[in-house]
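To find a chain, count down the sequence lines: A is the first, B the second, and so on, and within it residues start at 1. Not measured: the values here are computed from a predicted model.
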Amino acid sequence: MWIAIVTVGSDFLRLSAAPDLPMPAESVEVLLPVALDRSFTYSLPEDIIAPPGSFVEVPLGPRAVAGVVWGPGDPEVPAGKLKAVRQKLELPPLGDELRAFVDWVARYTLAPRGMVLRIAVRGARNPGDETPRSAVIATGSAPGRATPARTRVLATASDGVPRSKSDLARAAAVSPGVIDGLVADGALRIVEVIAEPIGSGLQPDLGRPELSEAQADIAALLQAAVRDRTGSTHLVEGVTGSGKTEVYLEAVAEALRTGRQALILLPEIALTQAVLDRVTRRFGGAPGEWHSTVSAKRRARIWTGTASGETRIVVGARSALFLPFRDLGIIVVDEEHDAGFKQEDVPVYHARDMAVVRGKLAEAPVVLVSATPSLESRVNADAGRYRHHLLPERFGGRTMPEIELLDLRADPPPPGRWIAPRLEEQVRDTLARGEQALLFLNRRGFAPLTLCRACGHRFACPNCSAWLVEHRFRRQLACHHCGHHEPVPPACPKCSTTDKLAAVGPGVERIRDEAAALFPEARLAVLSSDLVIGADSIRAELKAVEDHAVDLVIGTQLVTKGHNFPHLTLVGVVDGDLGLGTSDPRAAERTFQLLEQVTGRAGRGAIAGRGIVQTTDPLHPVMQALKNHDAAAFYAAEIDARADAMLPPFGRLASLVVSAPVRNDAEAYARALAQSFPASAPARLLGPAEAPISLLRGRHRFRLLLRADRTVDVPGLIRAWLAEAPRAPASIGLHTDVDPVSFL
DNA sequence: GCCCGCGTCTGA
DNA sequence: CAGACGCGGGCA
């Protein structure tokens, strides 16, 4: 009856408020976490009181499903169709703000509302009673015998936080036996603890760092935004090593001080132990950690903890954006340029952009943080939609690494090798000084292409338009798009010639072999996601590099993810041109971001760093931007090019993914759709001919691209078109991914 | 998303 | 002819 319409920038955000008098509801509208856009009306037994947001169990067909009361029931539904709510569930209700967010995201991403609700209720169950667990704390007395391992353990335990034996051993990187030894020695004591709510008991003023003037200024502005309860958006752009994390943690501290909660989003949380450690040090306790590998029980504790308000800080992957925060005071999106914020499955959404919307609904500032912002965020900052804060210098007087462009045409490596003499010499000098070097190549495996020298046959993926990559360590040929793999055959499948198969081009495994031959005395480590499997072993490898147990690192983009290597002084980029040759309109932007991040790993410690980028095109704008540390000029040029081409964020771009188990079905439907697109529409449809296909989770995917001027409501246009378009056979799925700018 | 019913296929 | 399997519709 009384609908409050909250307009934020456009009419996209509608927040429906409850009527001011609780009417005795006879029926309720219930949204269910299944692939349905519709909600259903159920009758409400007189003894159940279920205001909007309540969790209820309802019958759906033959099953009983837990859903959420979304509002009053639809009186138009004939009484004979109504089924009754079975029971109300003992769970904290979903607040108005989160329900409005679910509706908004579903409408914007063209996803069924139930699929969005599903994300918001993952973890919505009672964690049950907590049984006391045993933990160890430091007693304060010195051990009888001090070893480096023991010293590390006691340093870790000196904060007084009780930890389980295994957690403490892992945190100090020692074997569990060391802990038992210290307990026997009386330096550690076993205590029984009842687990506090996760992410609670945090102290905003515990580990306050010294801030530079520039850091303190930005921190003060962000803190004011937290206090003001405005849904403002901020872009904090600071070069690698400028201390961005300290700045946003001060804003997080302000949220804690004012009694509110904080959410820190990270693109790949399994790799970013560093941020968790820093939050723990800064606030004297661990935040809630939310990502796909967190156990169901921990999930439940964090979900209920955020709903009750006891969990004060959550550090999480994109789905943490749908947690039921009671009073959210700030959202931080760290590494905001990272493509990991994009969810490719239904609902297809970009967490950075959805964060902006949730921030507005929650009246909380959103802080986007990066050394290499996305073009979208740069444009939004330039246009004044986001406030732009710059940290142009490294913290503590450290300098940016000096970047050298190594022209591969003038100084090529010997045939069959990829490290040019000049880079080899620089690595040798670095190692001789006892410093650490990194050779970066963003390509897994041994060689990206295998061909038969006898007949010219090339090994291609049967499902995708891609070559198979040889993985010599695993003795396989693998497709990096769909995961197809086969053993390396002894002979050519086409002409049966043996011993004529040739590996073409380098991958990290091949660079490892080359480096091992060139620098036989160096301790090598390869950091590649297919060789280092599982979050724990990745963390262990990163720690070994951090501790200088490795001299020369050979790595893929795994090494660019938020880790500091204090001993690293030289970064060599083996193929700077990789990624620039594609037709992806974001190729230059992505390559710049990647190479700036990886060269920025050098010189974060006491010794100044250097970067050497091997390239065949030293005059390319990306190379010049790296060398001159002139991101501003690069961004300006890229933004102009985007504006001319009407690409996001100037034009609207949507992709529709048609997927089916059979490739021909997907293609036929994609064509049928394309033909039905009206010529008069204020947008152009591209594909499917020029669209790449791939196989993902057993389904062939065809992409259609829709390009429009920014004045078009793309989700609306697609909805209207699909209502008229040929209906998809049920075995064909259609995802939609709308580039988000319209809500700003 | 999940269940069910239906049509079709397969093997004895 | 029983049982398996894939597809499509409905779900209040």
Side-chain angles (χ1 to χ4, degrees), chain A residues 23-46 48-89 94 99 102-103 105-107 109-125 292 296 299 319 322 343-349 657-670 672-673 695-702 722-723 725-736:
Chain A
M23 304 283 285
E26 287 161 351
S27 69
V28 285
E29 196 73 20
V30 176
L31 188 63
L32 301 163
V34 298
L36 283 167
D37 195 49
R38 323 178 36 198
S39 45
F40 292 107
T41 297
Y42 289 86
S43 64
L44 198 63
E46 279 188 15
I48 298 180
I49 299 163
S54 306
F55 279 80
V56 288
E57 186 187 301
V58 294
L60 179 72
R63 322 173 261 163
V65 181
V68 177
V69 176
W70 221 248
D74 177 359
E76 303 287 302
V77 180
K81 274 197 120 181
L82 289 190
K83 291 185 186 172
V85 168
R86 289 243 182 104
Q87 58 166 323
K88 187 176 169 186
L89 300 170
L94 279 200
R99 294 200 321 280
V102 167
D103 283 339
V105 171
R107 200 177 150 76
T109 63
L110 301 168
R113 287 145 83 213
M115 287 300 280
V116 182
L117 178 64
R118 197 174 229 278
I119 307 174
V121 302
R122 281 201 70 182
R125 63 185 194 99
S292 58
R299 237 171 235 274
S319 63
F322 294 87
Q343 162 124 9
E344 305 279 355
D345 262 345
V346 178
V348 179
Y349 68 95
V657 177
V658 178
S659 74
V662 180
R663 181 174 161 157
N664 282 347
D665 291 357
E667 185 175 2
Y669 184 58
L673 267 187
L695 183 76
L696 195 71
R697 245 165 274 167
R699 293 179 74 87
H700 294 265
R701 296 156 63 99
F702 253 93
L722 290 179
R727 259 170 62 78
S731 59
I732 288 176
L734 188 69
H735 304 181
T736 316

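The distance between atom CZ of A:F40 and atom P of C:dG10, rounded to the nearest whole Å, is 12 Å. We find that CD of A:E29 is positioned 13 Å from C1' of C:dC11, with the value rounded to whole Å. Rounded to a whole Å, the CG atom of A:L117 is 16 Å from the C1' atom of C:dC11. A straight line from CZ of A:R86 to P of C:dA12 spans 11 Å, rounded to a whole angstrom. Atom CG in A:L31 sits about 14 Å away from atom P in B:dG1, given to the nearest Å. With rounding to whole Å, A:L60 atom CG is found 8 Å from B:dC2 atom C1'. Between the C1' atom of B:dG1 and the CZ atom of A:R38 lies a distance of 15 Å, rounded to the nearest Å.
Counting any heavy atom pair closer than 4.0 Å across all strands shown, A:L82 reaches sugar-phosphate atoms only and no base atom. Note on A:L36: a base of the nucleic acid sits closer than 4.0 angstrom, heavy atoms only. Counting any heavy atom pair closer than 4.0 Å across all strands shown, A:K83 reaches sugar-phosphate atoms only and no base atom. A:R118 comes within 4.0 angstrom of sugar-phosphate atoms only, judged by non-hydrogen atoms across all strands, and of no base.
Closest approach of A:T41 and A:G73 over heavy atoms only: CG2-CA, 3.8 Å. A:G53 and A:V68 get closest at one heavy-atom pair: O-CG1, 3.6 Å.
When distances run from any side-chain atom of A:R63 to the nucleotides C:dA12, C:dC11, B:dC4, the shortest one goes to C:dC11. Listed nucleotides: B:dG1, B:dC3, C:dC11. Nearest to the side chain of A:M115: B:dG1.
Contact annotation: the side chain of A:D103 approaches that of A:W70 to within less than 4.5 Å [non-hydrogen atoms, C-beta and beyond].
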Can you list, pair by pair, the side-chain donor-acceptor contacts under 3.5 Å of residues 115-125 of chain A, counting residues two or more places apart and other chains?
| residue | atom | partner | partner atom | Å |
| --- | --- | --- | --- | --- |
| A:R118 | NE | A:P33 | O | 3.2 |

Sub-3.5 Å pairs of nitrogen or oxygen atoms, protein against nucleotides 3-7 of chain C:
none

